[in-house]
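Notes follow once the structure below has been shown.
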Amino acid sequence: MRIALYCRVSKNDESQDPQNQLIPLRDYAKALGGDIVGEYVDLASGGNGDRKEFLRMFEDAQVHRFDLLLVWALDRLSREGISNTLGYLERLKRNGVALKSLQNHGLTPVMTVWTVAPGYIQLVAQQERKRIVERTRAGLLRARREGKKLGRPKGAKDGKARRKSGYFLRYKNDNLTV
C-alpha cells in the first residue's frame, strides 16, 4: 500500500513544529505495513485551500501516486468549514484515495457526504471543545507564571455569600447559585 502523509501547522515559527504530527504519522504508516511515498507539510492557516503542499497533494492523488492519506486530524486537512471539507473528502474518494486520521477515527471518503455530515458536525464540535480546553489551560498556566492568584475568593465556600454586581453569589456544595 502506498501511503502519503499530510500535516499542517498554522505558524511558521518554533512554537509549532510539524514533527509533532509527522513522527506519529510515520509510526502509524509503519504499523499499517505501507510504504510512505510522499509527505506534504504546510506551514499555513487551514482557513483556505490555497496552500502549496495541500494543492500538490491533491495533484498527486489525482494521478494515483498513493492509495491512503494519513492526517493527524481533520482540522489539519482543512478549517474552511463543513462544505469545503466534505468536498475534499469526496475528491479523495473520487481519486480512489482512502483517508485515515489519527484523532478522528471512523470518518473516511468511502462514506457518502450525507452519511459523514452528521458525524463530521459532531466531530467539529468535539474538536472545538478540545481547543477551548487547551486555550483555557494555556491561559491559566500563563496567569500562574505571572503570579496571579487563581481560584475562588476567600470566604466563598460553605454557603457564605459574596456580593458582586448587585447579586449575591453563593457556593453550596461547590455549586454556584445566584
Side-chain angles (χ1 to χ4, degrees), residues 1-139 142:
M1 173 177 14
R2 298 169 301 156
I3 299 175
L5 311 179
Y6 179 79
C7 79
R8 179 188 63 76
V9 294
S10 297
K11 295 182 181 178
N12 188 9
D13 63 20
E14 293 180 16
S15 69
Q16 296 182 348
D17 187 349
Q19 291 300 319
N20 292 342
Q21 296 172 40
L22 285 172
I23 292 169
L25 287 172
R26 289 175 188 140
D27 291 343
Y28 190 37
K30 183 178 179 181
L32 292 172
D35 295 319
I36 297 173
V37 296
E39 292 185 358
Y40 307 90
V41 179
D42 278 313
L43 307 174
S45 168
N48 70 60
D50 191 27
R51 291 170 266 144
K52 182 181 175 186
E53 291 296 291
F54 184 74
L55 295 171
R56 189 171 73 88
M57 180 266 302
F58 273 109
E59 288 172 5
D60 288 350
Q62 189 171 355
V63 295
H64 309 288
R65 290 211 170 109
F66 53 91
D67 309 301
L68 174 65
L69 178 66
L70 296 181
V71 296
W72 174 259
L74 285 178
D75 69 340
R76 301 294 86 200
L77 187 67
S78 175
R79 285 200 167 175
E80 297 175 76
I82 293 170
S83 177
N84 287 356
T85 302
L86 291 175
Y88 296 137
L89 295 176
E90 282 291 318
R91 190 171 167 189
L92 288 170
K93 179 184 173 189
R94 278 194 317 268
N95 289 314
V97 175
L99 173 79
K100 286 192 182 259
S101 165
L102 286 177
Q103 303 298 316
N104 315 117
H105 305 288
L107 291 179
T108 68
V110 174
M111 301 170 155
T112 66
V113 169
W114 302 116
T115 310
V116 171
Y120 185 71
I121 292 167
Q122 180 184 16
L123 173 71
V124 169
Q126 289 171 346
Q127 291 300 313
E128 182 56 25
R129 176 67 182 131
K130 287 180 182 179
R131 301 294 178 264
I132 290 169
V133 169
E134 289 169 4
R135 289 191 300 262
T136 301
R137 285 182 181 151
R142 180 175 157 216

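Residue Leu89 holds its CG atom at 9.0 Å from OG of Ser78, rounded to the nearest 0.5 Å. Separating the CG atom in Leu68 from the OH atom in Tyr28 is a distance of 7.5 Å, to the nearest 0.5 Å. Rounding to the nearest 0.5 Å places OH of Tyr40 at 12.0 Å from CG of Leu55. Note that CD of Glu39 is 11.5 Å distant from CD of Gln21, once rounded to the nearest 0.5 Å. Interatomic distance, Glu80 CD to Asp50 CG, rounded to the nearest 0.5 Å: 9.5 Å. Going from atom CH2 of Trp72 over to atom CG of Asn20 covers 8.0 Å, rounded to the nearest 0.5 Å.
Taking the charged nitrogens against the carboxylate oxygens, Arg2 and Asp67 do have a contact shorter than 4.0 Å, which makes a salt bridge. Contact check on Arg56 versus Glu59 returns no salt bridge, with no Lys/Arg side-chain nitrogen under 4.0 Å from an Asp/Glu carboxylate oxygen.
The closest side-chain heavy-atom distance from Leu92 to Tyr88 is not below 4.5 Å. Using a 4.5 Å heavy-atom cutoff, the side chains of Asp60 and Val37 are not in contact. Between Val9 and Asp17, the closest side-chain pair of non-hydrogen atoms is not below 4.5 Å. A 4.5 Å side-chain heavy-atom check between Ile36 and Phe66 finds every atom pair outside the cut-off.
Judged by distance alone, with hydrogens and angles left aside, the side-chain atoms of Asp42 form no donor-acceptor pair with the main-chain N or O of Arg8 at under 3.5 Å.
Closest non-hydrogen pair, Ser101 versus Ala73, comes out as OG-CA, 3.4 Å. Shown here for Asn95 and Ala61, the closest heavy-atom pair between the two residues is CB-O, 3.5 Å. Across all non-hydrogen atoms, the minimal contact from Gly34 to Ile3 is CA-CD1, 3.7 Å.
Gln19 is linked by a side-chain hydrogen bond (donor to acceptor under 3.5 Å, both in side chains) to Arg26, counting only residues two or more places apart in sequence or in another chain. Judged as a side-chain hydrogen bond (donor to acceptor under 3.5 Å, both in side chains), and not counting sequence neighbours, Arg76 has no contacts.
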Leu102 and Leu25: CA distance, side-chain angles, deciding distance, side-chain contact (heavy atoms from CB on, under 4.5 Å) verdict: CA-CA 8 Å; Leu102 286 177; Leu25 287 172; 3.6 Å; yes

